Student: 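Sharing a structure below in structure tokens format, with a few things to ask.
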Amino acid sequence: MEKLKTLRGFRDIFGDEINTFQHIEHVTRKYCKLLGFAEIAIPVLEKTELFVRSIGDTTDIVEKEMFTFIDKGGDSLTLRPEATAGIVRAYLQEGMYAKERVSKLFCIGPMFRHEKPQKGRFREFHQIDVEVFGIDDPLVDAELMWMIFLILNELGVDSYGIEINSVGCPGCRETFKKVLVSYFETKKNELCEDCIRRLQRNPLRIFDCKNAKCIEVSQKSPFLFDYLCVTCNEHFDMLLKHLEGFGVAYIINKRLVRGLDYYTKTVFEVTSDKLGAQKAFIAGGRYDNLVEEMGGPSAPGYGFAIGVERLALLTKMKELPKQPSYFFAYVGDRAKAYIVPMLRTFVKEGLSLSYSYEGKSLKSQMRYADSLHADFVFILGDEEIGKHIIVLRDMRKKIQFELPLEPSKLLQEVKKLITQ
RNA sequence: GUGGGUGUAGCUCAACGGUUAGAGCACUGGGUUGUGGACCCAGUGGCUGAGGGUUCAAAUCCCUUCACUCACCCCA
């Protein structure tokens, strides 16, 4: 029989890694709540059309990376490749735009993209998504970057850079595209095959190319940054002022463009050189026209996504002080019968009590207790039962003493030890 | 989708084409009656990823396939 295993690019997350995940979620939730964000859980599965309309039908994500299938009813459904589309849908469907002036939402969960896996990239991966709707003040852009700064600081991530750029509004972008295309047309023979293709479809993405010759050509090319309209320019200037006010260090990267069609004005990436080829672990930007394009009111938006797997690779876990743990070791069947009352007594008080189901020798139980890093071990046998006592061994201090066997008195003595 | 690298015990890895495929870690038991970590002894554990071929003989060479991995494309 064939061995059962996870699908390619899908993984079990457990052990140290899931602890890191939980820690990342905990810290992120804390700052989201401090800055007035409300958590929302949205479906993993939506109609394919939602993603095609929001992400853009010529993007790689939509063209070749979605898990799409036909449902029994004949609908085309897709496992979400990103969260923004679904959150925009919820924002509209639940009428949030009518209930509040500004909506601040965040969402944590798995995303799915049918790509070839490599370092820091999986077919099922996890994102923490943060979005703001209803306001286009550059203060929002800066505030969220500051939040990232606070989160990374608390997670002990040190070597990273926040790269920012502006991709303008549809107005300045269109005029710039013409300038750009006419420049690259003159250098066409120096570009790689991919970039010649990009020239037709999405010339801005030539800036993303890693080919040495293309970089050389594009470095001398005009930048959209220098062609921004007055409004976009002012937005960007204010963003920089606010970032300085927040004390967030940034790098302006005029080459930075993003893979999703809906971005306007501010775009940014947080990168680390410790991640291999997939160096961006947080990315986001402004999307002032997306909500309207999705059939809603004219509501600007701004958001970012944290790649949890990638961030986990950079997170330093601190050893948290834990409350003491207890182990119950027993000798003989009469003593084993005390497992149930011991458990009831301890767990009710919120104290962790482990034990061996199999019993075996006291030696093996002590070894087991040690492997579980128990702080205290109770030892009970016929001898103690006869004397109405139980032995408590302090595993760190290597000392042991006798305590009353009666549960309420035992608990009293144990609590005294904790407060010592 | 395109390349490169790697597949041997639960994990990390050995084994020139030649005995019964080994070691460390982990696990289990033991090292005077009922006491942990270190140390010592013993034990469990493998269709060498799968399938075919070459050979007297294949973990080892060849082909196919699958998986993992890194990179490209793209992305968090």
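Within every chain, numbering begins at 1; the chains are lettered A, B, ... in the order of the sequence lines, protein sequences first and strands thereafter. Since the structure is predicted, the reported quantities are computational estimates derived from the model, not experimental observations.
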Student: Is A:A283 touching bases, backbone alone, or none of the nucleic acid, heavy atoms closer than 4.0 Å?
Tutor: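 Here A:A283 touches the backbone only, sparing every base.
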Student: Which part of the nucleic acid, if any, lies within reach of A:F125 when heavy atoms closer than 4.0 Å are counted: base, sugar-phosphate only, or nothing?
Tutor: base
Student: Checking all strands, does A:S371 fall into the base, sugar-phosphate, or nothing category for heavy-atom contacts under 4.0 angstrom?
Tutor: nothing
Student: Show me the protein contacts with nucleotides 37-43 of chain B, counting only N or O atoms at under 3.5 Å.
Tutor:
| residue | atom | partner | partner atom | Å |
| --- | --- | --- | --- | --- |
| B:rG37 | O4' | A:D370 | OD2 | 2.8 |
| B:rG37 | O6 | A:K398 | NZ | 3.3 |

Student: Report yes or no: is there a donor-acceptor pair, N or O only, under 3.5 Å between the side chain of A:E65 and the base of B:rG1?
Tutor: no
Student: At 4.0 Å (heavy atoms only), tell me whether A:Y330 reaches a base, stays on the sugar-phosphate, or touches nothing.
Tutor: nothing
Student: With a 4.0 Å cut-off on N to O distance, would you call A:R286 and A:D141 a salt bridge?
Tutor: yes
Student: How is the base pairing of RNA chain B summarised as a dot-bracket string, given the Watson-Crick and G-U wobble criteria with both distances under 3.5 Å, [ ] for crossing and | for another strand?
Tutor: (((((((..((((....[...)))).(((((.......))))).....(((((..]....))))))))))))....
Student: Describe the nucleic acid contact of A:Q365 in one word from base, sugar-phosphate, nothing, applying a heavy-atom distance below 4.0 Å.
Tutor: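 No contact.
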Student: So, is A:R8 close to the B:rC68 phosphate, meaning a side-chain N or O under 4.0 Å from OP1 or OP2?
Tutor: yes
Student: Checking all strands, does A:Q400 fall into the base, sugar-phosphate, or nothing category for heavy-atom contacts under 4.0 angstrom?
Tutor: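 Touches a base.
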Student: Do the side chains of A:D60 and A:R113 get close enough for a salt bridge, i.e. N-O under 4.0 angstrom?
Tutor: no
